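Notes follow the structure.
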Amino acid sequence: MQASLADLEALDRADPLRGLREAFVLPDGVVYLDGNSLGALPRKTLAQLQHVVMRQWGEGLIRSWTAYEWIDAPQRVGDKIARLIGAAAGEVVVTDSTSVNLFKLLAAACRLRPDRPVILSEPGNFPNDLYVAQGLRDLGAGHIELRLAPAAEIEESIDKRVAVVLLTHVNYKSAAMHDMARITARAHAHGALTLWDLSHSAGAVAVDLNVAQADFAVGCGYKYLNGGPGAPAYLFVARRHQASAVSPITGWLGHARPFDFVDNYAPAPGISRFLAGTHPILGIAALEVGVDLMLATDPQLRLDKSRRLSELFVALVESRCAGQGLELASPRDPRERGSHVVFRHRQSYAVMQALIDRGVIGDFRASDLMRFGFAPLYNRYTDLWRAVEILQELLRGTTGRAQDPSQVERSNK
Ligand SMILES: Cc1ncc(COP(=O)(O)O)c(C=O)c1O
């Protein structure tokens with residue numbers, strides 16, 4: 001049943017996470033439904049960056065590598081992210097971008113299965129991940145093959161030729177969520193490994209890498225983790241692989257003794273071997289603020305709120321915008337999707353631009369999708385009401401007459 005504004009106001013009042021919104025800078029008059037793309041700015045980030053820049057860098061200068069433990073930042077913040085994704089301390093580091101980490105772990109996985117040529121993924125995976133796999137394939141001079149199978153056929157496509165199954169846990173477009181434990185079990189039964197992209201999962205849905213027995217994972221720092229634009233990413237290597245997996249980027253900070261400055265590379269023991277060059281201290285400092293905020297909340301409360309927000313949004317859109325050519329293109333069951341939803345509409349681009357002009361920020365995904373993300377730390381239930389009210393106005397026209405969607409862009413510019 002469709003919720004009323006009063007119902008949503010009551011949900012906001014009863015929301016155990018409601019106080020957290022104040023921890024973020026959110027402009028007045030904006031309904032931000034794009035935290036799955038770029039998370040909001042935590043208030044504390046500014047003060048933290050000020051401290052790191054002025055005190056640690058400005059006054060401490062190079063002494064801060066030890067005095068403020070800059071040198072251990074990738075492992076320290078990695079251990080914190082580990083708690084969000086069901087990994088153990090020492091299994092995650094913060095470093096590089098998601099793309100670079102993906103390349104490193106994909107190469108490492110292929111080298112652990114040298115007699116198997118296939119990287120298995122799905123069409124419609126985040127294209128970047130397929131591009132990275134194609135780059136590795138092309139570097140492999142014909143020894144590596146990229147095979148794509150639709151989501152429903154992934155499990156049956158795992159065979160003795162597959163080295164690694166590369167999947168994004170929550171699809172960036174549809175939000176459809178893979179069953180990580182089931183696919184990983186199937187991969188292992190055939191001797192293959194798994195590499196999960198958690199960019200749309202961490203902080204938004206339940207992720208338990210070690211319960212699922214996952215082998216490798218990567219993820220973004222700037223989405224639900226609120227680390228800021230271009231925040232450093234993270235990577236996970238299950239402890240059982242850490243002695244044998246090696247990074248193809250054998251940089252000095254992944255060396256066993258970087259400050260011995262010897263000529264030959266020797267990988268560090270443990271997860272640190274997946275570091276390459278000098279890490280971005282300012283970026284990690286900002287990310288740590290976002291991660292700390294997330295860690296201060298109960299994961300079940302976050303999960304429940306995410307599901308409720310997306311479920312209520314779908315119900316509101318479908319009842320208030322009925323007959324306006326919108327079609328849900330995400331799984332209907334919130335247990336089968338992440339914390340965003342997409343609607344198909346033939347004028348998606350124009351409608352989304354008009355929504356953004358009216359202060360409702362989601363995003364457009366080619367060719368005809370409008371994507372709306374729900375961040376449990378700062379989205380309110382009443383945000384849904386405002387977003388759907390404006391969407392309804394745009395689609396129907398303020399007089400209540402159905403409006404030609406092709407006019408929407410022009411009339412709102
Ligand atoms: C699933 C997924 N993987 C990776 C990335 C981005 O990787 P990078 O931070 O290297 O640009 C994104 C960005 O939206 C993404 O959605």
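Just so we're clear, the structure is a prediction, and the values are computed from it rather than from any experiment.
Counting only distance, with no hydrogens or angles, the side chain of Arg358 and the backbone of Ala387 share no donor-acceptor pair below 3.5 Å. Under a 3.5 Å cut-off, the side chain of Thr184 and the backbone N or O of Ala181 do not form any donor-acceptor pair. For the pair Asp383 (side chain) and Asn379 (backbone), a donor-acceptor distance under 3.5 Å is absent. Side-chain atoms of Glu91 never come within 3.5 Å of backbone atoms of Ala238 as a donor-acceptor pair (strictly under, hydrogens ignored). Of the possible donor and acceptor atoms, none in the side chain of Arg113 sits under 3.5 Å from a partner among the backbone N and O of Val164. Within the 3.5 Å criterion, the main-chain N or O of Ala176 finds a donor-acceptor partner in the side chain of Ser174. A donor-acceptor distance shorter than 3.5 angstrom exists from the side chain of Asn101 to the backbone of Ser97, with no hydrogens or angles considered. Distance alone, capped at 3.5 Å, is enough to place a donor-acceptor pair between the Arg186 side chain and the Glu155 backbone. The main-chain N or O of Gly124 is found under 3.5 Å from a side-chain atom of Asn171 such that the two form a donor-acceptor pair.
For residues 266-275, every residue pair satisfying the side-chain hydrogen bond (donor to acceptor under 3.5 Å, both in side chains) rule, not counting sequence neighbours, is listed here: Gln75-Ser272.
Between Phe372 and Phe313, the two ring planes are tilted [angle within 30° to 60°].
Annotation for Phe374 and Ser339: closest pair O-OG, 2.7 Å, computed over non-hydrogen atoms.
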Considering only distance and modelled atom types, tabulate donor-acceptor pairs under 3.5 Å from the side chains of residues 245-252, sequence neighbours left out.
unit_1 : atom_1 : unit_2 : atom_2 : d
Ser247 : OG     : Ile249 : N      : 3.1
Ser247 : OG     : Ile249 : O      : 3.3

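More than 12 heavy atoms of other residues, nucleotides or ligands shown are found within 6.0 angstrom of CZ on Arg240.
Looking at residues two or more places apart in sequence or on another chain, you find no side-chain hydrogen bond (donor to acceptor under 3.5 Å, both in side chains) involving Arg308.
Under the side-chain contact (heavy atoms from CB on, under 4.5 Å) test applied with Leu106, the options Asp129, Leu166, Ile144 reduce to a single match, Leu166.
The residues Arg335 and Asp333 are annotated as salt-bridged, a charged nitrogen and a carboxylate oxygen being separated by less than 4.0 angstrom.
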